[in-house]
Protein chains: 2
Amino acid sequence: MDDQRLDRFFRRLRVRDSLRQAERDALSKAAGPTLHFAPGELMAHYGSSPSKSLLLIQGMAARQNTVESGQQQITAFHIAGDFVDLHAFLLSRLDHDVSAMSAVAAVEFSHEALRQITEEFPHLTRLLWLSTLLDGAIHRQWLVAMGRLTAIAHMAHLFCEHFVRADSVGLAQDMSFPFEITQQELADALGLSNVHVNRTLQELRRQDLVSWDTKTVRIIDWERLQEVAQFDPIFLDVVHTPR
Amino acid sequence: MDDQRLDRFFRRLRVRDSLRQAERDALSKAAGPTLHFAPGELMAHYGSSPSKSLLLIQGMAARQNTVESGQQQITAFHIAGDFVDLHAFLLSRLDHDVSAMSAVAAVEFSHEALRQITEEFPHLTRLLWLSTLLDGAIHRQWLVAMGRLTAIAHMAHLFCEHFVRADSVGLAQDMSFPFEITQQELADALGLSNVHVNRTLQELRRQDLVSWDTKTVRIIDWERLQEVAQFDPIFLDVVHTPR
DNA sequence: CGCCACTTTGAAACAGTTCAACGTCAGTGG
DNA sequence: CCACTGACGTTGAACTGTTTCAAAGTGGCG
C-alpha cells in the first residue's frame, strides 16, 4: 500500500521516469513519522550530521547560510514533494541551516533505511540520485541569474522556476502557486536588499507580469515573464526517460 | 590492475571513504579512451544528451552558460580527478556547456558502463553520488559568496576552495596550485567584470594574501586569506567516513 | 618584429545599498 | 470594540561598489 504522504514525491519522480510498485513499497516502508515545524523554526542545523532526511509534504522550507555581517543567503527553496536534505544522507556534515518558511510538515527517512534502498534497488537509487542532481541544476541556474542577470530578470526567473516546479507536483492552478514568504526572505534568496526587492517587485507588477500578495504568486503574462527572465526550463529536466 | 589514469580520482574518493579493490577494478574496466581538448574547446554542449561522462585527468575545465547579452557565467571549475559531467549520466539534457580552460585530457566513461556499476556496486554508487553532491555543495558556497560577500572576499573564497581541492588530489605544493585561466574567465566565475577582477586582484596582492601570475596561485598568508574569505572548508567534506 | 590576446589604468555612469521615516495590517489585550 | 503593538511593506535621498567605455601597457609567440 502506498503511503499517501508520499504522493507528491511520487508524482515528481514520475514526471522523469516510471516507478515500479516494489519501489513505491520500499519508499513507503522507509518512511518514518511526520514532523511539524512552525514558521521560522530550524529543521536542521549547520555543522550537524543528521541521521535522517526530511521529505516535505506541506509548506515551504529554505536552505540558508549566515555570513559574518549577519546577512543571510538562501541557496534553495523547497516545496511539498521535495526531499529537503537528501544530500545529508551522504555528506558527513550539513553546510547550511534548513529553516521552515511557513508551517511545515515533513516525513522522516532514516539514513539507515535509505542505505538499505541503495543496496537493494539500483533503479530507485538512480532516481533518488537524480533528485539531488536537480537541486544542483537549480543551484547553477541561480548562479547564472545572480551573476549575469539584472534584479528584475533574476526575480522573474525565480518565479518562472517555481511555477514549473509547483505545477509538476500539482500545486499550481490558474497560473498561480503558493509562495508564502516575506520580501526579506526573497531578498535573501536573490542576494538583494529588501528595499530593492520591493522596488523590483513593483516594476514586475507595473509591467503586468506577475502579482504577489505574500501568499500566492499569480503569473499574468507567462510568455513575457519567460522572456524577461531568459527562462529555459531545460534545467528542470521535465522529460520522461528511463534512467 | 588499477588504471593509472584514475589515480587522482581514487585519491579524491579515498579522502572521504575507502575503496575496495573490486570497486577500483570496476571503475578501471569502465574507463574508456583518453580524449584531448585544446584550450577554449567545448567538451560538451548545452542541450545535448551525452552518452558518456568525462573524468578530467589533466588541465582545467569549466561549466558555463551564456546569457542573451553575450556575457558568460561559469558555474564550476574542474581539475584533474574531477568528474566533469557525471550528472549528465542521469539528467536527460545538459543545462550548460563544458569548456576546456587549458589543454585538457579526460577519460571517457560510457553511461552504459556507469549504469552497470550502479546495478552491481551499491557502495561505489554511493561514492559516485557523493561526488556529485560535493559539486552541489560548492555551488551553494558560490551562491553565498556571490550574494552576500564583497568582491574581495568572494575572490579570496574561490582561492581558498581551490587550494583545498588541489591539495586533496595532490596538485598543491608549497602553498601554491596551478590555476591557468584568464582574468576574464575568473570574472565570469565570480559574476564580476574583468576590470573589477583586475582591481580586486591588485588589492589581494597589496594585502600580501596571494599572488597569481595566470599560471599558478601562491597563497602568501593562509590564515588571513581564510578570514577575509570567511572560509569554512566544511562544505568540501574532507572527512573520512564509511558511506 | 609585429601581432594579438591579455592586463592595467582612468573617468563617468549606474545598479543596487543603506539609512531613516512612514504606511499598513493582523493579532492582542484592556 | 478599539487602542496598541510589532512585523512587514513602501518611499525618498544620499551613497557606494561595480560596470562601462576607452585607451594604453605588457608579453608570448609565429
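Proteins come first, then strands; the chains are lettered A, B, ... in the order of their sequence lines, and each starts at number 1.
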What is the distance, rounded to the nearest whole Å, between atom [atom1] of [X] and atom [atom2] of [N]?
X      : N      : atom1 : atom2 : result
A:I181 : D:dC8  : CD1   : P     : 12 Å
B:L149 : D:dG17 : CG    : P     : 15 Å
B:Q73  : D:dT19 : CD    : P     : 11 Å
B:H154 : D:dG17 : NE2   : C1'   : 15 Å
B:Q71  : D:dC21 : CD    : P     : 10 Å
B:N194 : D:dA23 : CG    : P     : 16 Å

Worksheet item: Only one of A:Q202, A:M155, A:Q184 clears side chain to side chain contact (heavy atoms under 4.5 Å, CB included) with A:V197; which?
Response: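 It is A:M155, the one option of A:Q202, A:M155, A:Q184 that forms the side chain to side chain contact (heavy atoms under 4.5 Å, CB included) with A:V197.
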Practice prompt. Please work out if A:G191 contacts a base, only the sugar-phosphate, or nothing of the nucleic acid, heavy-atom cut-off 4.0 Å.
Written response: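 Sugar-phosphate only.
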Worksheet item: Hey, does B:S193 reach any base, or is it just sugar-phosphate, or nothing, if we go heavy atoms under 4.0 Å?
Response: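 Counting heavy atoms under 4.0 Å across all strands, the contact made by B:S193 includes a base.
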Discussion item. Tell me which residues in residues 195-215 of chain B lie within less than 4.0 Å of DNA chain D, going by non-hydrogen atoms.
Written reply: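 Those residues whose heavy atoms fall under 4.0 Å from DNA chain D, taken from residues 195-215 of chain B in numerical order, are B:V195, B:H196, B:R199.
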Practice prompt. In sequence, state the C-alpha distance, the side-chain angles, and the governing distance for A:F37 and A:L56, and then conclude on side chain to side chain contact (heavy atoms under 4.5 Å, CB included).
Written response: CA-CA 11 Å; A:F37 300 91; A:L56 217 65; over 6 Å; no
Worksheet entry | By ring-ring contact (aromatic ring centres under 6.0 Å, His included) - contacts of B:H96 (at least two apart) |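 Checked B:H96 against ring-ring contact (aromatic ring centres under 6.0 Å, His included); matches are B:H87.
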Discussion item. Distance under 4.0 Å to a non-hydrogen atom of chain B counts as contact; along DNA chain C, which nucleotides mark the start and end?
Written reply: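 For DNA chain C, the relevant span reads C:dC6 to C:dA11.
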Fill in: Distance-only polar pair, side chains of A:R5 and A:T34, donor-acceptor under 3.5 Å
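A:T34 and A:R5 do have a side-chain donor-acceptor pair below 3.5 Å.
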Item to complete: For B:R140 and A:D95, run salt bridge (charged side-chain N to carboxylate O under 4.0 Å, His left out): C-alpha distance rounded to whole Å, both residues' side-chain angles, the deciding distance at 0.1 Å, then the answer.
Response: CA-CA 9 Å; B:R140 288 192 289 278; A:D95 56 4; 3.2 Å; yes
Discussion item. Are A:F109 and A:F89 an aromatic pair, judged by ring center distance below 6.0 Å?
Written reply: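 Not close enough - the centres of the two rings lie 6.0 Å or further apart.
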Fill in: Parallel, tilted or perpendicular: rings of A:F163 and A:F177 (30°, 60°)
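Judged by the thresholds at 30° and 60°, the geometry between A:F177 and A:F163 is tilted.
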Show me, pair by pair, the donor-acceptor contacts under 3.5 angstrom made by side chains of residues 38-47 of chain A, not counting sequence neighbours?
residue : atom : partner : partner atom : Å
A:E41   : OE1  : A:A38   : N            : 2.7
A:Y46   : OH   : B:D232  : OD2          : 2.3

Worksheet item: Is a donor on one side and an acceptor on the other found under 3.5 Å between the side chain of B:D213 and the backbone of B:T216?
Response: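 Pair found, side chain donor or acceptor close to backbone of B:T216.
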Item to complete: Report yes if at least one side-chain N or O of A:Q183 is closer than 4.0 Å to OP1 or OP2 of D:dT10; otherwise report no.
Response: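 It does, given that an N or O in the side chain of A:Q183 lies less than 4.0 Å from OP1 or OP2 of D:dT10.
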Item to complete: Please test B:D82 against B:R165 for salt bridge (charged side-chain N to carboxylate O under 4.0 Å, His left out), starting from the C-alpha separation and ending with a verdict.
Response: CA-CA 10 Å; B:D82 288 351; B:R165 285 174 61 186; 2.7 Å; yes
Worksheet item: With B:D7, which residues qualify under side-chain hydrogen bond (donor to acceptor under 3.5 Å, both in side chains), at least two apart?
Response: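 B:D7 satisfies side-chain hydrogen bond (donor to acceptor under 3.5 Å, both in side chains) with no residue once adjacent residues are dropped.
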Worksheet item: So what is the end-to-end bend of the helix from C:dC1-D:dG30 to C:dG30-D:dC1, with 5 pairs used at each end and the value given to 10 degrees?
Response: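 Result, rounded to 10 degrees: 30°.
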